[in-house]
Every structure is written in structure tokens, then in C-alpha cells.
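Remarks on the structure that follows.
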Amino acid sequence: MPKIVFLAATLAATLAPVAARSATPEELMRGYAQQARREAQSYSGPSASAGRRFFTTKHGDWSCSDCHTSNPGASGRHTVTGKAIAPLAPAANAERFRDPARVEKWFKRNCNDTVARACTAAEKADVLAYLISVRPGA
Amino acid sequence: MRTFTSFLVIAALATTHAALAADVPAAGGYAAECGSCHVAYPARLLDQRQWGRVLGDLEHHYGVDATLDDDAALHAVARTLGVPAALTVSGKAALPRITTQPWFVDEHDEVGPATFRSSKVRSAANCSACHVGAEQGNFDEDAVRIPR
């Protein structure tokens, strides 16, 4: 029986995605804030309200909230393909903002799409401050 | 009996795994890289040359930026889709669309445009809205549930 359990566990592990987790959302926010401070000494720190404004404002054709909705504590939907998007707020989805490389990849892709340029470190810190502040069901 | 039940569990797991491996290229990050925004489309839905064209211009991917971290990630995706490196080329030609392939149009000829545009489907690219097993590579007609 233990051998069978081991076999089943091995099969289950083969199916499970490999999750890289080496940071917390707060650590990532602080990292972006430090970068912003290096870029401009006058930088005053992450702002959840500025992050909320950035997240919900249309920068051209799109805003972040077009896909992630204006409630990032709930599921969103890809505005082009219609595919469901899991909640972005860490309080609603513990998988979010754990892997620095993954976070950078998505900021690169999504900022290009939405703002038509790379986001600044200050903008990333603000968005993270906002998302960290969002409570599920709020 | 207990042993038999365990055998069934393992058989079911093994079958699921085999089906995934056969239909959906799950290895090499394809599911994570490409399956975040849309169903991880099985390789058989386009031919090698068409996939090569898609992979050759991920920066302009049907209106969004779908660039990968580096060449290694791109090669891994190409490998799992069975696309030779020589076919991964950028160019000016329009990107191929699964939804305009003759077989796709033929298979969906009884589905009206209003269904594709409905709030629960939104886009013909949203396979899993109707093909409930699409994420697992199951596009059988028996498993279709059109949301009303």
C-alpha cells in the first residue's frame, strides 16, 4: 500500500505546476520603491491611492481594470479572449506577486499593451501598494 | 478491494496524464507562458509554418505583447509545439488565426456570430466557454455546452 500511495503521489506531483516563490508582495513593493528613490531623490514612497488611479485610468485604449476589473479582489476576464483571470490582489489570491521574474514579465507585457511604454518603478510600487490594500469581497 | 480502488485511482491519473501529454503541450512552460491569456491551444490546431509565424512575432501578438523572457523560453515553447527553429520567423505577413482556418469555420458553421459575441463567450478564441474540456485538450462535440 505505501508503494501505491508513493506512485499516486509521484503522478500527482508530475501534474502539479512548478511554483517559484521567493518573495512576498510587500518585499517586491519595497524593492520597486527603493529603485524609484534611486531614480529620483524626491520620491515620497508608494501610494495606494495613486496606484488605484493608475490601475483604473484609461491610458490609451485600455486600463488595467479592463481585464482585472475595478475590483482586483475578484476574478477578471481577458478583454480580447474572454478567458477568466484569477484575482490579482494577494489577499484574494496567494499565488500573486511571489516570483519576481514573473512579476517583471507581466509588468513588461501589460504596460506595453496598456500604457504603450514600460512602467516606471514608482508606478509599479504604487500599483502594488494598491493591490496589497485590496481586501477580498471589498 | 482497497488495492483495486487504488489501482483505479492510479489508472485514472495515468490516463489523464497521458491525455494531457498527447493533446496539450504542457512541458517547457507552454501552458504557463501561453495558457494564461487563452486556452493552451493544442499544436494540431495550426501547422508548423503557421505556428512559426506566430512565435516569430510575439511582440505583436493579435494586439498584445506576448514576449517571452528570453530565447531559451521561446525555444522551449517552439519545441513543445513541434516547430523547427528555422520556421520561427518574423515578417510582415498577417498572423494566422485558428478561427479562420477552413476546418474551424466548417466545424462551427452552426454556431451563429451572436453566440460568439455573447457576454459569456465574447470571442471565438475563448474555446473553454463552450468546450468544457478544452484546457485538457478535449474538443469532442459530446463535451460542448454552449452557455445561454
Side-chain angles (χ1 to χ4, degrees), chain A residues 1-21 59-64 66-69 75-88 93 95-96 98-119, chain B residues 2-21 26-29 31-41 58-70 73 98-99 116-130 134-136 147:
Chain A
M1 188 64 185
K3 193 175 175 187
I4 285 168
V5 171
F6 173 72
L7 270 174
T10 307
L11 274 167
T14 314
L15 291 167
V18 179
R21 280 190 193 184
H59 301 272
D61 292 338
W62 284 344
S63 69
C64 310
D66 285 349
C67 291
H68 295 290
T69 82
S75 291
R77 251 184 123 176
H78 197 286
T79 195
V80 178
T81 68
K83 177 159 176 151
I85 300 174
L88 200 51
N93 181 355
E95 299 288 315
R96 294 296 193 189
R98 295 284 174 174
D99 175 355
R102 189 174 167 200
V103 171
E104 268 301 287
K105 176 171 68 190
W106 282 104
F107 268 131
K108 174 177 179 280
R109 287 177 172 176
N110 293 354
C111 291
N112 264 344
D113 291 340
T114 309
V115 201
R117 59 167 171 79
C119 290
Chain B
R2 204 169 57 178
T3 309
F4 180 62
T5 308
S6 300
F7 170 74
L8 281 182
V9 169
I10 288 173
L13 273 169
T15 308
T16 310
H17 192 228
L20 280 172
E33 295 291 1
C34 307
S36 298
C37 295
H38 53 69
V39 167
Y41 302 124
L58 288 175
E59 198 176 341
H60 307 102
H61 186 73
Y62 309 93
V64 302
D65 180 343
T67 45
L68 301 170
D69 285 341
D70 49 34
I98 293 169
T99 53
F116 282 125
R117 280 199 305 267
S118 73
S119 65
K120 289 180 176 159
V121 179
R122 283 204 199 187
S123 159
N126 189 12
C127 310
S128 54
C130 305
E135 294 286 359
Q136 290 77 40

**Item:** Residues which pass ring pair (Phe, Tyr, Trp, His ring centres under 6.0 Å) with A/His59, listed by chain and number, not counting sequence neighbours
**Value:**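 Per chain and number, A/His59 pairs via ring pair (Phe, Tyr, Trp, His ring centres under 6.0 Å) with A/Phe54.
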Might you point out which heavy atoms bring [X] and [Y] nearest each other, and give the distance in Å?
{"X": "A/Gly82", "Y": "B/Asn126", "value": "O-ND2, 3.4 Å"}
{"X": "B/Leu68", "Y": "A/Arg109", "value": "CD2-NH2, 3.5 Å"}
{"X": "B/Glu135", "Y": "A/Lys83", "value": "OE2-NZ, 2.6 Å"}

**Asked** Does any non-hydrogen side-chain atom of B/Glu33 lie less than 4.5 Å from one of A/Lys105?
**Response**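 They are in side-chain contact.
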**Asked** Can you tell if the side chain of B/Asp69 reaches within under 4.5 Å of the side chain of A/Arg102, non-hydrogen atoms only?
**Response**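 The answer is no, as the side chains (C-beta and beyond) never meet within the 4.5 Å cut-off.
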**Option in B/Ser36, B/Cys37, B/Ala125 with maximal non-hydrogen atom pairs under 4.5 Å from chain A** =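 It is B/Cys37.
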**Request:** Under the side-chain hydrogen bond (donor to acceptor under 3.5 Å, both in side chains) rule, collect the residues that match up with A/Asp66, sequence neighbours excluded.
**Result:**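 side-chain hydrogen bond (donor to acceptor under 3.5 Å, both in side chains) check on A/Asp66 returns A/Lys58, A/Ser63.
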**Request:** For the pair A/Asp113 (side chain) and B/Asp65 (backbone), establish whether a donor and an acceptor sit closer than 3.5 Å, ignoring hydrogens and angles.
**Result:**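 Looks like yes, one N/O pair under 3.5 Å.
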**Message:** Quick check on B/Thr67 against chain A: is it the side chain, the backbone, both or neither that has a heavy atom closer than 4.5 Å?
**Reply:** both
**Item:** From OG (B/Ser123) to CZ (A/Arg77), nearest 0.5 Å
**Value:** 9.5 Å
